[in-house]
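There's a structure below that I have some questions on.
Counting starts at 1 for both ligands and their atoms, in listed order. Hydrogens, waters and symmetry mates play no part in the numbers below; they use all other heavy atoms, side chains included.
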Amino acid sequence: MDIELQKVSYSYAKGTPFEKAALFGVDLMIESGKYHAIIGHTGSGKSTVLQHLNALLKPSEGIVKIGDEMIEAGKKNKKLRQVRQHIGIVFQFPEHQLFEETVLKDIAFGPMNFGVSEEEAYARAHEVIKTVGLDDSILQKSPFDLSGGQMRRVAIAGVLAMKPDVIVLDEPTAGLDPRGRHNIMELFSKLQKDHNLTMILVTHSMEDAARYADDLTIMHDGKSVLRGMPREIFKDVDKLAQYRLKVPHVVAFQMRLEQRLGSKLAKLCLTEED
Ligand code: ADP
């Protein structure tokens, strides 16, 4: 399912003395089955864009297209609930949203809320718990007896149980150590490839964007200012500096290595610890 923003502007608290313009004519094209990263400094508008991707926010001006559905300023769309089913959002610290007595009930909650039978929802829980690399014996435990890493995986399983076509990741590695961060990012990468999902990573990590994304959109001061493949975008160090983004040493090093050796050999030379 393609997602497109066409000249989207958005103001918080519109029409009140607290009105705050956050997006100015943003264009964004996310192609089905691709891994797309949206990067930008703090306050550049990433979270506001994210909330348009499943119509949590509606544009003040412009159009959001989610598959065949159009979401436009001032117009009602009766199919929003259906549309949202197809788009799973893994919010920052998703484990904070766990609340049920058991992991099983927690994972089944989303699908059942959308009319899936208990039997089917529980069957999905058994399936997705393995997808996120956990043993299904964990399903009978309380989510609050798990480690932080396990809780995050359970929360991700809850999103997968909805069988989304699109997954939006909001800084999914916040608060994790380097090993945990690597494991979670690899999990999403595998999921995207195995299920041909559309993955949208919202992040300020240039490393993650460089390593995983097929396409990048750079946000700056509420505008989408650059779009392209990571290796093309990261070449223009001066332009990125204007947007308060700095290409990390490891990425610059990898790009130089790739230029000399070609991408396959360069990958072999670089390990995670680099
Ligand atoms: P990012 O996710 O890149 O840090 P945001 O989308 O959160 O950026 O913020 C974009 C702009 O919108 C900022 O100027 C921010 O202060 C403002 N903003 C964000 N959320 C709200 C809100 N709930 N009310 C008013 N202004 C907001």
> Could a heavy atom of Gly40 be found less than 4.0 Å from some atom of ligand 1?
Replying inline: no
> Tell me: protein heavy atom nearest atom 5 (P) of ligand 1, and distance?
Replying inline: Thr48 OG1, 3.7 Å
>> I'd like to check which ligand 1 atoms, numbered from 1 as shown, lie under 4.0 Å from a non-hydrogen atom of His41.
In response: 3 (O)
> How far apart are the closest heavy atoms of Lys105 and Thr102, and which atoms are they?
Replying inline: N-OG1, 3.1 Å
>> Exactly one of Asp135, Leu160, Val154 should register a side chain to side chain contact (heavy atoms under 4.5 Å, CB included) with Ile129. Which one does?
In response: Val154
>> Surrounding CD of Glu101 (heavy atoms of other residues, nucleotides or ligands, distance under 6.0 Å), is the total greater than 12?
In response: no
>> Using a 4.0 Å cutoff against the non-hydrogen atoms of Ser47, which atoms of ligand 1 qualify?
In response: 1 (P), 2 (O), 6 (O), 7 (O)
> With atoms numbered from 1 as shown, which atoms in ligand 1 lie under 4.0 angstrom from a non-hydrogen atom of Ala22?
Replying inline: 11 (C), 12 (O)
>> Centre-to-centre under 6.0 Å for Tyr10 and Phe24, is that the case here?
In response: no
>> Is the ring pair His220/Tyr243 parallel, tilted or perpendicular, if the boundaries are 30 and 60 degrees?
In response: tilted
> Lys20 heavy atoms, cut-off 4.0 Å: which ligand 1 atoms fall inside?
Replying inline: 14 (O), 26 (N)
> What do you think, any protein heavy atom under 4.0 angstrom from atom 25 (C) of ligand 1?
Replying inline: yes
>> If the cut-off is 4.0 Å to any non-hydrogen atom of Thr42, which atoms of ligand 1 fall inside it?
In response: 4 (O)
>> Can you confirm whether the side chains of His204 and Thr42 place a donor and an acceptor under 3.5 Å from each other?
In response: no
>> Could you identify the single nearest non-hydrogen protein atom to atom 10 (C) of ligand 1 and state the distance to 0.1 Å?
In response: Gly43 O, 3.6 Å
>> Please tell me whether Gln6 and Glu4 have a donor and an acceptor in their side chains that are separated by less than 3.5 angstrom.
In response: yes
>> Yes or no: does Met219 have any heavy atom under 4.0 Å from an atom of ligand 1?
In response: no
>> Please say yes or no: joined through hydrophobic side-chain contacts below 4.5 Å, possibly via intermediate residues, are Val116 and Ile107 part of one cluster?
In response: no
> With respect to atom 8 (O) of ligand 1, which of Ala21, Ala13, Gly45, Gly222 exhibits the smallest heavy-atom separation?
Replying inline: Gly45
> Do Phe91 and Phe93 make the cut of ring centroids closer than 6.0 angstrom?
Replying inline: no
>> Nearest non-hydrogen contact with atom 3 (O) of ligand 1 belongs to which option: Lys46, His220, His204, Glu19?
In response: Lys46
> For atom 18 (N) of ligand 1, which protein heavy atom lies nearest, and how many Å away is it?
Replying inline: Tyr12 CE1, 3.5 Å
